[in-house]
J.: 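Pasting a structure here, questions to come.
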Number of protein chains: 2
Amino acid sequence: MNRKIFELHAQICQTFTSPKRLEIIYALCDGEKTVSELAPLLVIRQANLSQHLAVLRQKKVVVTRRKGVNIYYRIAHPKILQACDIMREVLLEQIAEDEKLVRLIKKEKKN
Amino acid sequence: MNRKIFELHAQICQTFTSPKRLEIIYALCDGEKTVSELAPLLVIRQANLSQHLAVLRQKKVVVTRRKGVNIYYRIAHPKILQACDIMREVLLEQIAEDEKLVRLIKKEKKN
DNA sequence: ATATTATATTCATATATTCGAATTAAACAA
DNA sequence: TTGTTTAATTCGAATATATGAATATAATAT
């Protein structure tokens, strides 16, 4: 019974395993954008962007609305961004730790 | 320069794409456990558990300490759990939405 | 109807990930 | 030293994922 939620959790996290998809998520963090607004921000081919958007849509990380010829994408739920931000904080702390360690080793070499 | 953080972010999220690894994370959520304590909780072969633990270690999602013949695993940073919990909340809300929709459709069919 | 612009899908290939089986290593006891 | 227990690694086959290229669709204008 618990298994199902781990499956779903794993599946949604699958969407976060591509740097491009994370870029898309952060590009949408302050509001919706159309595909053609996103494209130049990402340095990516249109078809490939569409593929990434399809993944994000399928996992309900983003939702869309059509207006005329344009399709607007936005983050489906603010908590998704919140979770991403927290993970990013962890990463930044890890990087800071690593750098501290590097400086320490350099100092030791001097002595 | 921003690219690098998206790469790292994608890489750490890679660890969350396996239901087993998520089970491990939640099994460790209230404190450290040895590999042999973890194994029976997960219904998984020892070697495979070790492989998953290696992934989690490599991405610094968990850290270890050895005591005699046992190796204790624990979550490296409370924020990792926090991020997982928030994603889980999103999933639970999605599931609740889906169920609401299903009930609505059933009701409509009656009329 | 046709053209145009915006977006999505399909397919093939390259690459990555997963897991079981077998083996290895590390700590300790006898 | 040998054996035992605990945990990690290596390797190969099956499976999954990512990307480019080509094509398709949807909305609108002419």
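All chains are named by letter (A, B, ...) in the order of the sequence lines, taking the proteins before the strands, and each is independently numbered beginning at 1. Fair warning: this is a prediction, and the values are worked out from it, not measured in the lab.
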J.: When rounded to the nearest 0.5 angstrom, what is the spacing between NZ in B/Lys59 and CG in B/Leu8?
T.: 10.0 Å
J.: Give the rounded distance in Å between these two atoms: CD of A/Glu7 and P of D/dA16.
T.: 12 Å
J.: Go through B/Gln94 and A/His77 one step at a time and tell me if the side chain to side chain contact (heavy atoms under 4.5 Å, CB included) criterion holds.
T.: CA-CA 10 Å; B/Gln94 280 183 0; A/His77 195 307; over 6 Å; no
J.: Is the phosphate of D/dT5, meaning OP1 or OP2, less than 4.0 Å from a side-chain N or O of B/Asn70?
T.: no
J.: What's the CG-P distance between B/Leu38 and D/dA7, to the nearest Å?
T.: 9 Å
J.: In terms of side-chain geometry, is the basic nitrogen of A/Glu97 or A/Lys100 positioned less than 4.0 Å from the acidic oxygen of its partner?
T.: yes
J.: Would you say B/Lys20's side chain and B/His52's backbone share a donor-acceptor pair under 3.5 angstrom?
T.: no
J.: With a 3.5 Å distance limit and no angle check, can you tell me whether B/Arg103 reaches the backbone of B/Ile105 through a side-chain donor-acceptor pair?
T.: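 No, the answer is negative, given that no donor and acceptor are paired below the 3.5 Å cut-off.
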J.: Please classify the nucleic acid contact of B/Tyr72 as base, sugar-phosphate, or nothing, using heavy-atom distances under 4.0 Å.
T.: nothing
J.: What's the CD1-P distance between A/Ile24 and C/dT7, to the nearest Å?
T.: 13 Å
J.: Check the distance between C/dG20's C1' and B/Lys20's NZ and give it to me in whole angstrom.
T.: 14 Å
J.: Over how many whole Å does the gap from B/Gln58 atom CD to C/dT17 atom P extend?
T.: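 B/Gln58 atom CD is separated from C/dT17 atom P by 10 Å.
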J.: With a 4.0 Å cutoff (strictly under), does any side-chain N or O of B/His52 reach OP1 or OP2 of C/dC19?
T.: yes
J.: Please compare A/Val55 and B/Ser50 by the position of their nearest nucleotide in DNA chain D and report the one closer to 5'.
T.: B/Ser50
J.: Tell me whether B/Arg21 contacts the main-chain N or O of A/Ala10 through its side chain, where contact means a donor paired with an acceptor under 3.5 Å.
T.: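 Here the side-chain-to-backbone pair does not exist.
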J.: To the nearest Å, give me how far apart CG (B/Leu56) and C1' (D/dA8) are.
T.: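 Whole-Å distance recorded here is 14 Å.
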J.: Looking at the side chain of A/Asn48, which of C/dA8, D/dA8, D/dG20 is the nearest nucleotide?
T.: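 Minimum distance to the A/Asn48 side chain belongs to D/dG20.
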J.: Measure from CG on A/Leu49 to P on C/dT9 and round the result to the nearest Å.
T.: 13 Å
J.: List for me each residue that meets side-chain hydrogen bond (donor to acceptor under 3.5 Å, both in side chains) alongside B/Asn48, sequence neighbours excluded, and say none if there are none.
T.: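 For B/Asn48 the side-chain hydrogen bond (donor to acceptor under 3.5 Å, both in side chains) partners, ignoring immediate neighbours, are B/Gln51.
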J.: Between protein and nucleic acid, restricted to nucleotides 21-30 of chain C and to nitrogen or oxygen atoms under 3.5 Å apart, what atom pairs and distances do you find?
T.:
residue : atom : partner : partner atom : Å
C/dA21  : OP2  : B/Arg45 : NH1          : 3.4

J.: Students often get this wrong, so: under 4.0 angstrom with heavy atoms, is B/Ser36 touching a base, only sugar-phosphate, or nothing?
T.: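 Sugar-phosphate only.
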J.: Mind calculating the distance between CD (B/Gln14) and C1' (D/dA18) to the nearest angstrom?
T.: 12 Å
